[in-house]
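The structure under discussion appears below in the form of structure tokens.
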2 protein chains.
Amino acid sequence: MALDDDTRRGPEVSLLTGLDMSHITLCPAIAFNKIVGGRYKLHILCVLHRGPQRFGEIGRSLVKGGLGKPVTPRILSRELKGMTEMGLLHRKEYPVVPKKVEYSLAPRGKALLPILSEIVRWGATGAHEDILEISQTGQ
Amino acid sequence: MALDDDTRRGPEVSLLTGLDMSHITLCPAIAFNKIVGGRYKLHILCVLHRGPQRFGEIGRSLVKGGLGKPVTPRILSRELKGMTEMGLLHRKEYPVVPKKVEYSLAPRGKALLPILSEIVRWGATGAHEDILEISQTGQ
DNA sequence: CTGCATCCTTTGGGATACTG
DNA sequence: CAGTATCCCAAAGGATGCAG
């Protein structure tokens, strides 16, 4: 009973990808949630994909596709700090006044872009809007 | 200033995919989190990808790649119910005793598999383990 | 076996005000 | 402009026990 679980450790091959996962112990799906889980992290990657942006810019960008409410600076700060510490983002501070800080995708953040592409591709079909329509009326 | 934001509404094309997103209002990344966010949903899709499984089987499967602790039935029940209501899963109840219920991927759930593949592909590089190593000691 | 009821703890997210 | 501090609320997750 090999190939029993894509997420289990052991000498086996992923049914989804055909890749050997024997060297991996933690389920990528779970790790993915721990790394970019939460309301904003994925969206931040999405926004920074176009290029470096400043703290305030990111905050404003998050409002656009996020339907409505602005992100409070505390939350945004925490997200950016966490993602920077995980090595997903790069933070560049300019010694000017008023202060200027630019965030950009670090290699580890860029490595997530193929996943993001697939999510956008999925979203382009309207699937996500269909699902959210029925489950609850807009959150 | 078209192409300003992959996640914004309006007549534009995704920079990530080249797809027209003008008919979409909600950012796929945000919707993705709302739909499969949380600790188990993605993993459940992963597990059911191989075929229908029963309540208890799913619970046991989740332990394997999830590092350690078992899922309490209350949580698993809530996740499965939610995912079924969103149309991601199909629930088939057999009129036998003891009770037997099989969950399987519905079309809407299968539509998420390409994303899952990309996540596994990303995980196969070991990226997720690297990231989680540095940020916190396993948790 | 499947799943609900209760209760509790932890985490995430938000409002507001304030500083370098 | 780029954050931090404080306080608060809601949601997610977990332990335990019970029921069809």
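Chain A is the first sequence line, chain B the second, and so forth, proteins listed ahead of strands; every chain is numbered from 1.
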For A:K81, which contact category applies under a 4.0 Å heavy-atom criterion: base, sugar-phosphate, or nothing? sugar-phosphate

Starting at CD1 of B:I75 and ending at C1' of C:dC4, how long is that distance when rounded to a whole Å? 12 Å

Short side-chain N/O contact from B:Y103 to OP1 or OP2 of C:dG3, under 4.0 Å: yes

Rounded to whole Å, please give me the gap between NE2 in A:H43 and P in C:dG12. 20 Å

Look at the side chain of B:Y40 and decide which nucleotide, out of D:dG13, C:dC1, C:dG13, has an atom nearest to it. D:dG13

Taking D:dA15, C:dG3, C:dG13 as options, the one with an atom nearest any side-chain atom of B:K99 is C:dG3

In whole angstrom, give the distance that lies between atom CZ of A:R78 and atom P of D:dC7. 17 Å

To the side chain of A:V101, which of D:dG14, D:dG13, D:dG3 is closest? D:dG3

For the residue pair A:Y103 and A:F55, categorise the inter-ring angle as parallel (less than 30°), tilted (30 to 60°) or perpendicular (more than 60°). tilted

Starting the side chain at C-beta, find the nucleotide from C:dG13, C:dG3, D:dC1 nearest to A:R54. D:dC1

B:N33 CG to D:dA12 C1', in whole Å, measures 14 Å

Tell me: CD1 of A:I58 to P of D:dC1, nearest whole Å? 14 Å

For atom CZ of A:F55 and atom C1' of C:dT19, their distance in whole Å: 14 Å

For a side-chain contact (heavy atoms from CB on, under 4.5 Å) with B:H128, tell me which candidate from A:L112, A:I35, A:I30 qualifies. A:I35

Rounded to whole angstrom units, what separation is found between the CD atom of A:E102 and the P atom of D:dC1? 14 Å

Looking only at side-chain N and O atoms, does B:R91 come under 4.0 Å of OP1 or OP2 in C:dT2? no

Given D:dT4, D:dG20, D:dC1, the nucleotide with the shortest approach to the side chain of A:P73: D:dT4

Please determine whether any donor N or O and acceptor N or O are separated by less than 3.5 Å between the side chain of A:R74 and the base of C:dG13. yes

Rounded distance (Å) that lies between atom C1' of D:dA5 and atom CG of A:L76: 17 Å

Hey, are B:Y94 and B:E102 close enough side-chain-wise for a donor-acceptor pair under 3.5 Å? yes

Need one value for A:Y94: base, sugar-phosphate or nothing, where a base atom within 4.0 Å counts as base even if backbone is also close, heavy atoms only. nothing

Which nucleotide wins on minimum distance to the side chain of B:S77, given the candidates C:dG14, C:dG3, D:dA2? C:dG3

Any heavy-atom pair between the side chains of B:H43 and A:C27 that's under 4.5 Å? yes

B:E129 side chain vs A:L26 backbone, donor-acceptor pair below 3.5 Å: yes

